[in-house]
Amino acid sequence: MTTMTDASVREFKMPDVGEGLTEAEILKWYVQPGDTVTDGQVVCEVETAKAAVELPIPYDGVVRELRFPEGTTVDVGTAIITVAVAGAAAPEAPEAPAEQQRAEPAPAAEEPKPEGRQPVLVGYGVATSSTKRRPRKGPQADVPGPAQAIQAELNGHGATLAEKPRPLAKPPVRKLAKDLGVDLASVTPSGPDGVITREDVHAAAAPSAAEPAAQAPTAAPAAPPAAAAPAASYDTARETRVPVKGVRKATAQAMVGSAFTAPHVTEFVTVDVTRTMRLVEELKQDKDMQGLRVNPLLLIAKALLVAIKRNPEINASWDEANQEIVLKHYVNLGIAAATPRGLIVPNIKDAHDKTLPQLAEALGELVTTAREGKTSPAAMQGGTVTITNVGVFGVDTGTPLLNPGESAILAVGAIKLQPWVHKGKVKPRQVTTLALSFDHRLVDGELGSKVLADVAAILEQPKRLITWG
């Protein structure tokens, strides 16, 4: 993948994926001309017809030129970046004529590729014969003098090639850290030989997810004006770019972490909730519920709490560091709420201990506080199970993503009048679809099915709130 263009510069070519693909698109450059690179450092991300992959550079040096801009599709075998390698001086500038360049000893000739080496998309290929690997640099390893010289000569900064050791992490872990906004230099490694793992990145990202919410104003108008939205920069009259920050950025980071950490499984059930809807109307007239928010979500929340009581193993979390399942003897029930600042998930602390009027009061306070922009960071921490009501948007159902650290999330679809077989006859009935996503590391199919079936059974026959509760 590399060739010598002069005594000190090497070209890095778009590698052959080895699976019949002939081109790849450069999605993003992680370096610029003048930047120092080290052996194994990811310099760009490319996308083929099969996947997006990060490419590491196989030598130390200083970037001289990026041959193609982002968004360009490049044929395999085409040079995409040139690097002045460490160990030999380079010309003052790429444009300098050859006769003006200072003569320096040429680097040692490259070892011939062993027969049988197959080109691959990332790395140095697979050899059938044994090869020697360069010893990994320890955390305190000094950088050779020639590398320092080339850095100073090309960049004029007078800095060393690496003023501090580069964190050790595999390309997928580096991409995860980039997606979550985590600086690898600040992560404490737990892997062998000081290698940073995915779990280390997630642990470092966990505290930061709450920071944007903590910086939110303590009060806001119930219906914020359009000016309260994130500032937008206009490129053309046909496009608008809105910066992703604050709650929206934290939500995006949390969902990416959830999707690629917990193995999700989602199950669905469609249920006749006609009796539940009748009970909602009756409760609205009950004197003990006067002044409280009474709606289908209240009874759905109560149904889920009863189902958790009958199947307590669903209320748990996964401890990656200790490889343990942590069973929770309390339920902090999260309710996903769409607000002008973005989607947030505050939770009702110790919801399992609340009576129906107490649960209704807590739900009302949660929704009001969220809409006014007054939800505190503490209210969004410590959740164990969540409900997301997509039915308010007229949506039948969905496959919800878990809140990080939680074991299950219940999505509630729209309640609609539909033809339904009831007592042997087709009648119009109030029907909805429920979807339960759960972490398959700690919740197997049987447990998840039992919980979803219990919720459905209660909503079909709400008297079970008494007999089962």
Side-chain angles (χ1 to χ4, degrees), residues 265-311 314 333-338 343 348 351 355-357 359-364 366-367 371 385-401 408-438 445 448-469:
V265 172
T266 305
E267 294 185 342
F268 307 87
V269 64
T270 302
V271 58
D272 177 1
V273 295
T274 304
R275 292 185 178 90
T276 290
M277 298 303 290
R278 290 174 184 167
L279 180 56
V280 168
E281 294 305 315
E282 293 175 6
L283 288 173
K284 288 180 180 180
Q285 308 305 319
D286 192 294
K287 64 178 183 179
D288 293 328
M289 304 295 288
Q290 293 301 306
L292 298 177
R293 186 186 298 268
V294 179
N295 54 26
L297 179 60
L298 171 62
L299 295 186
I300 292 169
K302 191 63 176 179
L304 179 57
L305 291 170
V306 172
I308 292 173
K309 182 179 179 180
R310 287 166 54 85
N311 306 275
I314 191 77
L333 181 62
I335 304 294
L343 181 69
I348 300 172
T355 63
L356 191 64
L359 187 62
E361 182 179 8
L363 270 172
L366 180 149
V367 173
R371 288 178 177 173
V385 177
T386 291
I387 295 176
T388 177
N389 185 9
V390 298
V392 297
F393 305 108
V395 176
D396 291 334
T397 190
T399 53
L401 290 178
I409 179 171
L410 177 70
V412 182
I415 299 174
K416 299 179 180 179
L417 196 64
Q418 297 183 23
W420 193 263
V421 177
H422 177 68
K423 295 182 179 180
K425 297 181 179 180
V426 177
K427 296 182 179 181
R429 304 287 287 181
Q430 298 284 348
V431 177
T432 190
T433 299
L434 307 175
L436 183 72
S437 292
F438 48 87
S449 299
K450 285 182 176 179
V451 172
L452 185 58
D454 279 357
V455 173
I458 293 171
L459 296 180
E460 186 175 18
Q461 295 283 354
K463 65 182 181 181
R464 292 190 172 105
L465 286 172
I466 300 174
T467 58
W468 289 359

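Residues: numbered from 1 along the sequence shown. These numbers were taken from a predicted model, which means no experiment stands behind them.
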Atom pair [atom1]/[atom2] of [X] and [Y] - distance to nearest 0.5 Å:
| X | Y | atom1 | atom2 | answer |
| --- | --- | --- | --- | --- |
| L459 | L299 | CG | CG | 7.5 Å |
| L305 | L465 | CG | CG | 10.0 Å |
| N295 | M277 | CG | CE | 9.0 Å |
| D272 | Q418 | CG | CD | 10.0 Å |
| E361 | T355 | CD | OG1 | 9.0 Å |
| L304 | L452 | CG | CG | 10.0 Å |

**Asked** Given side chains that start at C-beta, do those of L298 and M289 come closer than 4.5 Å, heavy atoms only?
**Response**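 They are in side-chain contact.
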**Asked** So, R278 and E281, do they make that salt bridge, N to O below 4.0 Å?
**Response**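 No, this pair does not count.
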**Request:** Determine, step by step, whether I335 and L363 satisfy the side-chain contact (heavy atoms from CB on, under 4.5 Å) criterion, reporting the C-alpha distance in whole Å, the side-chain angles of both residues, the deciding distance to 0.1 Å, and the verdict.
**Result:** CA-CA 8 Å; I335 304 294; L363 270 172; 3.7 Å; yes
Short question: side chain of [X], backbone of [Y] - any donor-acceptor pair under 3.5 Å?
| X | Y | answer |
| --- | --- | --- |
| T388 | A336 | no |
| R429 | H422 | no |
| D454 | A457 | no |

**side-chain contact (heavy atoms from CB on, under 4.5 Å) evaluation trace for V271 with T432** = CA-CA 6 Å; V271 58; T432 190; 3.8 Å; yes
Mind listing the closest non-hydrogen atom pair of [X] and [Y] along with its distance?
| X | Y | result |
| --- | --- | --- |
| I415 | Q430 | CG2-OE1, 3.4 Å |
| A435 | T266 | CB-CG2, 4.1 Å |
| K284 | V294 | CE-O, 3.2 Å |
| L434 | V455 | CD1-CG1, 3.8 Å |
| G445 | F438 | CA-CZ, 4.4 Å |
| D396 | K416 | OD1-NZ, 2.8 Å |

**Asked** CG of L417: more than 12 outside heavy atoms within 6.0 angstrom?
**Response**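 Atom CG in L417 is crowded, with more than 12 foreign heavy atoms closer than 6.0 Å.
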**L356 and L283: CA distance, side-chain angles, deciding distance, side-chain contact (heavy atoms from CB on, under 4.5 Å) verdict** = CA-CA 10 Å; L356 191 64; L283 288 173; 3.9 Å; yes
**Request:** Could you give me the CA-CA distance, side-chain angles and deciding distance for R310 and I458, then say whether side-chain contact (heavy atoms from CB on, under 4.5 Å) is met?
**Result:** CA-CA 12 Å; R310 287 166 54 85; I458 293 171; 5.7 Å; no
